[in-house]
There are 2 protein chains.
Amino acid sequence: MVTADERLNEILTVLRRGAKRVTAAKRVVATVLLEADRHLTAEELSILALRRQPDISSSTIYRILEEFESLGIVVHAHLGQGAAVFHLAGSEHAHLTCDECGATLEVAAHHFDALGRELYSSYGFTLNRHHVAISGTCDSCREITQKTLPNS
Amino acid sequence: MVTADERLNEILTVLRRGAKRVTAAKRVVATVLLEADRHLTAEELSILALRRQPDISSSTIYRILEEFESLGIVVHAHLGQGAAVFHLAGSEHAHLTCDECGATLEVAAHHFDALGRELYSSYGFTLNRHHVAISGTCDSCREITQKTLPNS
DNA sequence: TTAGATGCAAAGACTTTGCGCACTT
DNA sequence: AAGTGCGCAAAGTCTTTGCATCTAA
């Protein structure tokens, strides 16, 4: 079992190895990410960070997230239309997002294995399953649409 | 062979059937879309439209595109990071976009058939291959990355 | 005639940037 | 002491909206 403190220290170690400074704001951002353990928009992260330390500006949040991402500490993803979401690296998964209602669904990555191989061999393209959500229509919205437009 | 005028008239007919008014601005937008025959951002469309008729505001462009989309005349897609792109409906295809350089690649839709079936049967999710580009790394950027970071 | 369409300007959502001071190293 | 990082405010990008005017039907 890895404690929260140990995970925080791992992050701070990565920062030091990257020749970055360990600041109060970075500790707060790292702590919030560890505690939340889910997707957070920059704004949600900002709100949670402010509870722990007033006067953290959102520009600082964005700068810290950018730095964390360049060091491989976090990744971000674009789900539906709204703001990007961030979370700790290491649990990348694919997302489906419904164009109608905006709901998002995390799905097992293996569904994309065959597609990834095909795109690589046909186009030299390396699929990133995590970064951008796959768009479509979710189960409930499809049912609604079918009821509303029974002719098609 | 369908002439440009005939295609324009088809669009105007769809407008009338939708109980919408046929205005000068809509004619211009339709003409630009027909002539361009490629992806255009709202801003590119705006610039091309202004050549044909001064004083078309970009809000009008957005409103017309929204109307055209609701009538099935155009579709829009989100490629990399930037603005959405619009084009006439009927030639939907999948897009790959490179997270590094922003290049986009149109690919045959059949690559996504198997994935579409799997997502539908596993999650009831209806894949929309066209709306959002699939993200990843293109051939050239991958090669550059490998040269830059030969250790991994 | 009259409901819908347009132009203009302003607002809105999300993110980035410039600048001078504070804090880490 | 040196220089990175921070807060604040402003700017930037893309898109939507309010409102008065105009116009297609």
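Residue numbers begin at 1 in each chain, while the letters A, B, ... track the order of the sequences. Here the structure is a predicted model, which is why all the values come from computation and not from measurement.
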Query raised in the report: B:Phe125 and A:His111: ring pair (Phe, Tyr, Trp, His ring centres under 6.0 Å), yes or no, with the steps?
Result: CA-CA 13 Å; B:Phe125 186 85; A:His111 291 296; over 10 Å; no
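- Protein chain A touches strand DNA chain C; the 5'-most and 3'-most nucleotides with an atom under 4.0 angstrom of its non-hydrogen atoms are C:dC14 to C:dT25.
- Side-chain contact between B:Leu40 and B:Phe86 is absent, with no heavy-atom pair separated by less than 4.5 Å.
- Residue pairs meeting the salt bridge (Lys or Arg N to Asp or Glu O under 4.0 Å) criterion with at least one member in residues 113-135 of chain B, sequence neighbours excluded: B:Asp113-B:Arg129.
- Rounded to whole Å, atom P of D:dC6 lies 10 Å from atom CG of A:Leu15.
- For DNA chain D, none of the residues of residues 28-41 of chain B falls under the heavy-atom distance limit of 4.0 Å.
- To the nearest 0.5 Å, the span separating CG on A:Asp139 from CG on A:Leu105 amounts to 9.5 Å.
- Distance, B:Ile64 CD1 to D:dT16 P: 14 Å, rounded to whole Å.
- In this structure, the side chain of B:Thr60 does not engage the main chain of B:Ile56 through any donor-acceptor pair within 3.5 Å.
- Under the rule for a salt bridge (Lys or Arg N to Asp or Glu O under 4.0 Å), A:Asp99 has no partner lying at least two apart in sequence or in another chain.
- One can place CG of A:Leu50 at 12 Å from C1' of D:dG7, the figure rounded to the nearest angstrom.
- At a threshold of 4.0 angstrom between heavy atoms, the contacts of B:Glu67 are confined to the sugar-phosphate backbone, with no base atom among them.
- For the atom pair CZ of B:Phe112 and CG of B:Leu119, the computed distance is 11.0 Å after rounding to the nearest 0.5 Å.
- Less than 4.0 Å separates DNA chain D from no heavy atom of any residue of residues 70-79 of chain A.
- Annotation: ring-ring contact (aromatic ring centres under 6.0 Å, His included) contacts involving residues 23-65 of chain B, sequence neighbours excluded, comprise B:His39-B:His87, B:His39-B:His93, B:His39-B:His95.
- Sequence neighbours left out, not one pair with a member in residues 4-15 of chain B passes salt bridge (Lys or Arg N to Asp or Glu O under 4.0 Å).
- Distances were taken from every side-chain heavy atom of B:Ala83 (C-beta onward) to each of D:dC6, D:dC14, D:dA24; the shortest belongs to D:dC14.
- Between the C1' atom of D:dG7 and the CD atom of A:Gln53 lies a distance of 11 Å, rounded to the nearest Å.
- The salt bridge (Lys or Arg N to Asp or Glu O under 4.0 Å) test applied to B:Lys26 returns B:Glu67, not counting sequence neighbours.
- Applying the salt bridge (Lys or Arg N to Asp or Glu O under 4.0 Å) test to every pair with at least one member in residues 70-90 of chain B, sequence neighbours left out, gives no pairs at all.
- Of the two residues near DNA chain D, B:Ala84 and A:Thr23, the one whose nearest nucleotide lies more 5' is A:Thr23.
- Pairs engaging residues 35-63 of chain B under the salt bridge (Lys or Arg N to Asp or Glu O under 4.0 Å) rule: B:Glu35-B:Arg52 [sequence neighbours left out].
- In this structure, CD1 on A:Ile64 lies 11.5 Å from OG on A:Ser58, to the nearest 0.5 angstrom.
- Summary of the strand contacts: B:Ala42 and B:Arg21 both lie near DNA chain D, and taking for each the nucleotide with the nearest heavy atom, the more 5' one is attributed to B:Ala42.
- Distance CG (B:Leu45) to C1' (D:dC14): 15 Å, rounded to an integer number of Å.
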Report task. Mind running side-chain contact (heavy atoms from CB on, under 4.5 Å) on A:Leu127 and A:Leu115 for me, showing each step along the way? Result -> CA-CA 8 Å; A:Leu127 178 64; A:Leu115 177 66; 4.3 Å; yes
Each nucleotide N or O in nucleotides 18-22 of chain D that has a protein N or O under 3.5 Å away: list the pair and distance.
residue: D:dG18; atom: O6; partner: B:Arg63; partner atom: NH1; Å: 3.4

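- Using a distance-only test at 3.5 Å, with no hydrogens or angles considered, no donor-acceptor pair links the side chain of A:Glu100 to the main chain of A:Cys138.
- Sorted by residue number, the list of members of residues 92-100 of chain B with any non-hydrogen atom under 4.0 Å from DNA chain C is empty.
- Taking 4.5 Å as the limit, every side-chain heavy atom of A:Leu65 sits out of range of all side-chain heavy atoms of A:Glu69.
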